[in-house]
Amino acid sequence: MNSCCRADTWKLVAPMILAVAACGADEPGASGARAIEVACSTNTNMPQEACKCLASSAGENLSDPAAEWLAAAMSGKTEEALKLKEGIPWPELVEASTFMMNFAEDCAIPEAALEDMQ
């Protein structure tokens, strides 16, 4: 076994890797959730509270790539959305689409606000 893979080396390196990852990493879904909140706030007539709820729920329920795809689609960035869509597994795309159909109920958004979104 070479020196990079010895057990005692990993005992020293692993905690450092974990510490660096913990310091620089956002919660899972955080960047996608931020993208959705911005897209919602700038491209819909939904109240800010609804956009925050949508983003929070997306951060909890969707992968970053799926959330970023939804944000691009909400922003009318068709080419970007298509490019992002190519890298997302089919089950995640289905989950993201289902998420968008159900988020109004989850966030208690009145139906009138949804009509104003368009």
Side-chain angles (χ1 to χ4, degrees):
M1 184 182 282
N2 65 33
S3 65
C4 79
C5 299
R6 290 185 13 209
D8 57 333
T9 302
W10 283 111
K11 287 179 186 177
L12 294 172
V13 174
M16 290 186 282
I17 293 171
L18 292 173
V20 170
C23 290
D26 286 330
E27 292 295 316
S31 69
R34 281 193 294 274
I36 283 185
E37 185 173 355
V38 169
C40 178
S41 297
T42 58
N43 296 293
T44 73
N45 294 327
M46 288 183 15
Q48 186 63 33
E49 300 81 35
C51 290
K52 285 184 180 189
C53 180
L54 172 63
S56 175
S57 185
E60 294 171 8
N61 295 297
L62 301 177
S63 67
D64 268 348
E68 289 168 2
W69 168 64
L70 283 177
M74 287 176 73
S75 299
K77 299 176 180 176
T78 306
E79 287 183 34
E80 181 180 341
L82 289 172
K83 189 174 183 180
L84 288 167
K85 183 179 169 185
E86 290 175 6
I88 301 171
W90 181 249
E92 285 185 38
L93 291 172
V94 172
E95 184 178 0
S97 299
T98 303
F99 169 81
M100 284 304 291
M101 291 188 311
N102 297 325
F103 87 91
E105 186 176 311
D106 295 342
C107 291
I109 298 171
E111 194 170 316
L114 295 177
E115 291 172 4
D116 289 341
M117 262 179 66
Q118 302 166 358

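Because only heavy atoms are used, hydrogens play no part in the values below, and waters and symmetry mates are left out as well, while side chains stay in. Owing to the predicted nature of the structure, the values given are computational and were not obtained by experimental measurement.
- Applying the side chain to side chain donor-acceptor pair (under 3.5 Å) test to every pair with at least one member in residues 87-103, sequence neighbours left out, gives these pairs: Ser63-Glu92.
- Shortest non-hydrogen contact noted between Ala39 and Ala71 is CB-O, 3.5 Å.
- Shortest non-hydrogen contact noted between Glu68 and Gly32 is CG-CA, 3.9 Å.
- Glu86 is linked by a side-chain hydrogen bond (donor to acceptor under 3.5 Å, both in side chains) to nothing, counting only residues two or more places apart in sequence or in another chain.
- Met74 and Val38 end up in different hydrophobic clusters when Ile, Leu, Val, Met, Phe, Trp and Tyr side chains are linked at under 4.5 Å.
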CA sep, side-chain torsions, deciding dist, call: Glu60, Ser56, side chain to side chain contact (heavy atoms under 4.5 Å, CB included): CA-CA 6 Å; Glu60 294 171 8; Ser56 175; 3.7 Å; yes
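- Under the side-chain contact (heavy atoms from CB on, under 4.5 Å) rule, Trp69 has a single partner from Leu84, Leu82, Asp64, Ile36, which is Leu84.
- Looking at every heavy atom in both residues, Ser75 comes nearest to Asn43 through OG-ND2, 3.2 Å.
- Thr44 places a side-chain N or O within 3.5 Å of a backbone atom of Met46 that can act as its donor or acceptor partner.
- Under the side-chain hydrogen bond (donor to acceptor under 3.5 Å, both in side chains) criterion, Ser41 pairs with Gln48, sequence neighbours left out.
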